[in-house]
Number of protein chains: 2
Amino acid sequence: MSGPAASHPEVLRILETSLYVEDLDRSVAFYEKILGFPVILKDARMCALGVPGRQVLLLFRLGGSNKPSVTPFGTIPAHDGRGIQHVCFSVDRSALPRWRAHLETCDVPVESWIEWPNGGISIYFRDPDQHSIEVATAGLWPNDPCDEPLT
Amino acid sequence: MSGPAASHPEVLRILETSLYVEDLDRSVAFYEKILGFPVILKDARMCALGVPGRQVLLLFRLGGSNKPSVTPFGTIPAHDGRGIQHVCFSVDRSALPRWRAHLETCDVPVESWIEWPNGGISIYFRDPDQHSIEVATAGLWPNDPCDEPLT
């Protein structure tokens with residue numbers, strides 16, 4: 001490995017992360033209720049949910065995007081994810097007790113709770129497709145330290 | 001659908017998005033060179049790459065996480081993504097010409113270029129596993145409008 005190129009155009013952040021799901025309505029209901037994400041677009045193929053920080057969670061019906069999607073604006077390339085995926089959302093440390101209570105109230109079992117050596121804390125649970133969902137505080141990764149507030 | 005719960009604990013943003021890859025070294029080299037993401041952790045099972053905005057791209061070796069990972073801090077639940085996934089990274093509009101030139105220099109074909117009705121522009125290309133990677137400006141989604149600068 002040669003390391004990052006010295007000069008390359010800049011990425012600002014993640015804009016969209018995707019999960020592939022068996023039942024779109026079931027998953028939308030889960031992400032609205034458990035994570036609090038509002039629906040911003042929904043059709044038979046997919047649903048886009050707004051994530052704070054100007055980001056988007058895309059839920060794709062399994063097998064529904066395995067052909068390119070022709071739109072009036074251009075062609076969206078095909079993709080076709082499968083299996084049990086992992087995604088993690090950032091939360092504030094002060095909200096952890098509320099997260100624990102919220103998951104319990106919603107009958108979503110906590111599968112694991114990890115206190116990381118850099119000070120971060122993760123809570124893991126499953127979505128309706130058994131995707132491994134994590135909410136985590138700062139302090140998991142060196143580029144997201146505990147002691148520097150989010151701007 | 002009943003809409004988002006009136007009161008739920010807050011998510012701040014996406015922290016980690018994951019791709020499942022055949023050859024970890026090959027994918028790490030691609031994301032370092034093409035996207036400019038530095039390696040922050042790597043072992044035989046996975047690699048974490050830093051994404052600007054205090055986020056992380058996780059590359060998992062296909063099949064390498066299908067059992068829970070026991071660590072001294074707790075147990076990381078199993079997951080096992082498959083297939084051809086989609087992920088999108090946010091870029092500034094002023095950087096689009098540099099992105100186009102960079103992909104050409106690196107022999108990464110542009111599969112599609114879309115100008116969206118809200119003013120956003122997307123460039124799509126493939127990673128070594130044929131995952132559909134997109135870099136996009138603001139103006140794709142209503143929660144990420146063109147005319148509001150990122151804070």
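What's counted below: heavy atoms across the whole structure, side chains too, no hydrogens, waters or symmetry copies. Naming: A, B, ... by sequence-line order, numbering from 1 per chain.
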Is there a donor-acceptor pair closer than 3.5 Å between any side-chain N or O of A/R54 and the backbone N or O of B/P145?
yes

Roughly how far apart are A/H8 NE2 and B/R98 CZ, rounded to 0.5 Å?
8.5 Å

Should B/F73 and A/I121 be marked as a side-chain contact (heavy atoms from CB on, under 4.5 Å) after you check the CA-CA gap, both sets of side-chain angles, and the distance that decides it?
CA-CA 10 Å; B/F73 319 108; A/I121 295 176; over 6 Å; no

Within one Ile-Leu-Val-Met-Phe-Trp-Tyr cluster: [X] and [Y], side-chain cutoff 4.5 Å:
X      : Y      : result
A/I40  : A/V28  : no
B/I76  : A/W99  : no
B/I123 : B/I114 : no
A/W116 : A/F125 : no
A/L59  : A/V87  : yes

Heavy-atom distances under 4.5 Å only: say whether [X] touches chain A with side chain, backbone, both or neither.
X      : result
B/P68  : neither
B/Q55  : both
B/Q130 : neither
B/L96  : neither
B/L58  : side chain
B/Y20  : side chain

Of all the heavy-atom pairs spanning [X] and [Y], show the shortest one and how long it is.
X     : Y      : result
B/I14 : A/V56  : CD1-O, 3.9 Å
A/A78 : B/S132 : O-CB, 4.1 Å
A/L15 : B/S90  : CB-N, 3.8 Å
B/P9  : A/A95  : CB-O, 4.4 Å

Less than 4.5 Å to any heavy atom of chain B: does that hold for the side chain of [X], its backbone, both, or neither?
X      : value
A/L19  : neither
A/E10  : backbone
A/L57  : neither
A/A101 : neither
A/P97  : neither
A/Q85  : both

Min side-chain heavy-atom separation [X]-[Y] under 4.5 Å:
X      : Y      : result
A/F89  : B/L12  : no
A/R13  : B/P52  : no
A/W113 : B/T75  : no
A/L41  : B/W141 : yes

Only pairs of heavy atoms separated by less than 4.5 Å count here; which of B/S18, B/G81, B/G74, B/P77 has the most with chain A?
B/P77

With a 4.5 Å cut-off on heavy-atom pairs, point out which of B/G50, B/P117, B/A136 contacts chain A the most.
B/P117

Comparing A/V11, A/V91, A/T17 against chain B, the one with the most heavy-atom pairs below 4.5 Å turns out to be A/V11

Salt-bridge present (A/D80, B/R82; N to O < 4.0 Å):
no

With distance as the sole criterion, is a donor-acceptor pair present between the side chains of A/E16 and B/H86 under 3.5 Å?
yes

